[in-house]
Amino acid sequence: MVELQLNAQRGSFHLQINCTLSAPWTVIFGPSGAGKSTLLRLIAGLEIPDSGRIVLDGKVITDTRGRVQLLPGPLSSQRGVGLVAQQPALFPHQTVSANVAYGLAHLAQLDQQTRRQRVTAMLELVGAAQLANRSPRALSGGEAQRVSLARALAPMPSLLLLDEPLSALDAGARDQILTRLQTWLADQKIQTILVTHDAADALATEAEVALLQEGTLAALGPASHVLAAERIRLLTRLRAR
């Protein structure tokens, strides 16, 4: 469960969010400029709000009044949040396997064999096992996004943030991975927040939807309710083809 009380001013843009996200899978939906990526960066700890706090499963990970800002990133176990950004940002001098293993460096309890098994399992989960020994420079955009996803999954975070992580894949491959990923994350009890501007992604996952408009939460609830108007538009568009 993620409790959010956030105020963040970014130039002329103001993000103001006060809500609790408790569903296993939540989709943050809204038009470009609504504040979706900013919200994810605040939750990930990559940005600090002007005021507010974030509580993850009862643990305060950001609190401006109490001067709490737990460290983000795969080498810190403090925050317990994994982020897959729109740009994969893989380390070009390391193999795909080494990139995925990077997030396991702080997990001292894992021996080398367990680490190798974890890396293999995560690459298989995202359909990238055949890429293990390649250089990131040799990957397509879609392949790099798969590897970036595997890297974020490897440390088994308490919360996974996905910022349109599979935009370089075709619709069929994206849907296949999302379906497989939802099942695996549910089994591992890892809460997930997915950012998208595509109503089809939100409706297909049958998730809780948080609708952002101009930096504020316009609605929060089941996709079928929050995106009822978007569903009608999609059906009309499909029938017109």
Side-chain angles (χ1 to χ4, degrees), residues 1-8 10 14-31 33-66 68-70 72 78-86 149 152-153 155-166 178-179 181-228 230:
M1 181 168 65
V2 188
E3 301 169 57
L4 303 171
Q5 297 175 352
L6 297 172
N7 281 284
R10 301 292 183 264
H14 184 207
L15 180 74
Q16 186 172 23
I17 301 292
N18 189 342
C19 69
T20 297
L21 303 179
S22 57
W25 186 279
T26 300
V27 173
I28 306 293
F29 177 76
K36 303 184 299 296
S37 294
T38 299
L39 176 58
L40 251 60
R41 290 179 63 82
L42 289 166
I43 298 173
L46 299 177
E47 295 187 18
I48 300 174
D50 295 289
S51 64
R53 70 200 307 259
I54 304 171
V55 181
L56 174 59
D57 294 334
K59 180 174 73 173
V60 178
I61 59 175
T62 290
D63 187 349
T64 55
R65 180 174 295 181
V68 175
Q69 180 70 11
L70 299 190
Q78 288 188 15
R79 201 167 184 89
V81 178
L83 171 66
V84 183
Q86 294 179 32
L149 179 56
L153 293 170
M156 304 289 191
S158 299
L159 175 66
L160 179 66
L161 308 176
L162 304 174
D163 192 355
E164 301 192 72
L166 303 173
L178 283 177
T179 299
L181 189 60
Q182 267 192 294
T183 300
W184 184 85
L185 290 167
D187 289 343
Q188 301 300 321
K189 295 181 172 53
I190 297 175
Q191 186 176 358
T192 306
I193 299 175
L194 168 70
V195 157
T196 183
H197 68 277
D198 190 338
D201 287 343
L203 291 165
T205 58
E206 298 181 356
E208 178 179 70
V209 171
L211 177 61
L212 284 192
Q213 293 180 344
E214 298 180 349
T216 61
L217 185 66
L220 177 64
S224 57
H225 294 168
V226 175
L227 299 178
E230 293 293 339

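Just so you know, these numbers use all the heavy atoms, side chains as well, and skip hydrogens, waters and symmetry mates.
- Of the possible donor and acceptor atoms, one in the side chain of Q191 sits under 3.5 Å from a partner among the backbone N and O of M1.
- Contacts classified as side-chain hydrogen bond (donor to acceptor under 3.5 Å, both in side chains) and involving residues 42-54 (residues at least two apart or in different chains) are given here: R10-E47, R41-E47.
- Within the 4.5 Å cutoff, the side chain of N18 has no heavy atoms near those of the Q16 side chain.
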Enumerate, atom names and distances included, each donor-acceptor pair closer than 3.5 Å involving a side-chain atom of residues 212-221, sequence neighbours excluded.
unit_1 : atom_1 : unit_2 : atom_2 : d
T216   : OG1    : Q213   : O      : 3.0

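- The backbone N or O of P31 sits less than 3.5 Å from a side-chain atom of K36, completing a donor-acceptor pair.
- In summary, the side chains of E164 and T196 do not present any donor paired with an acceptor at a separation below 3.5 Å, with no hydrogens or angles considered.
- A donor-acceptor pair under 3.5 Å links the side-chain atoms of T183 to the main chain of T179, judged by distance alone.
- Distance alone, capped at 3.5 Å, is enough to place a donor-acceptor pair between the R79 side chain and the L70 backbone.
- By the 4.5 Å heavy-atom criterion applied to side chains, Q86 and S37 are counted as neighbours.
- Between atom OG1 of residue T192 and atom CG of residue L160 there is a gap of 5.0 Å, rounded to the nearest 0.5 Å.
- Within the 4.5 Å cutoff, the side chain of T64 has heavy atoms near those of the P49 side chain.
- Between Q69 and G45, the closest heavy-atom pair is NE2-O, 3.4 Å.
- Using a 4.5 Å heavy-atom threshold, the side chains of L83 and P157 count as separate.
- Annotation: side-chain hydrogen bond (donor to acceptor under 3.5 Å, both in side chains) contacts of Q5 (sequence neighbours excluded): none.
- You'll find the side chain of L153 reaches within 4.5 Å of the side chain of L185, heavy atoms only.
- Across every non-hydrogen atom of V84 and P165, the tightest pair is CG1-CB, 3.5 Å.
- The CG atom of L21 sits 6.5 Å away from the CD1 atom of I43 when rounded to the nearest 0.5 Å.
- Between P72 and A44 the shortest heavy-atom distance is CB-O, 3.1 Å.
- Taking both residues in full, the closest heavy atoms of L56 and S158 are given as CD2-CB, 4.1 Å, listed atom of the first, atom of the second, then distance.
- L181 places a side-chain heavy atom less than 4.5 Å from the side chain of L149.
- With values rounded to the nearest 0.5 angstrom, L15 atom CG is found 6.5 Å from T38 atom OG1.
- Residues F29 and V226 fail the side-chain proximity criterion, which asks for heavy atoms closer than 4.5 Å.
- Note: L42 CG to I17 CD1 = 9.5 Å, rounded to the nearest 0.5 Å.
- With values rounded to the nearest 0.5 angstrom, I193 atom CD1 is found 6.5 Å from L4 atom CG.
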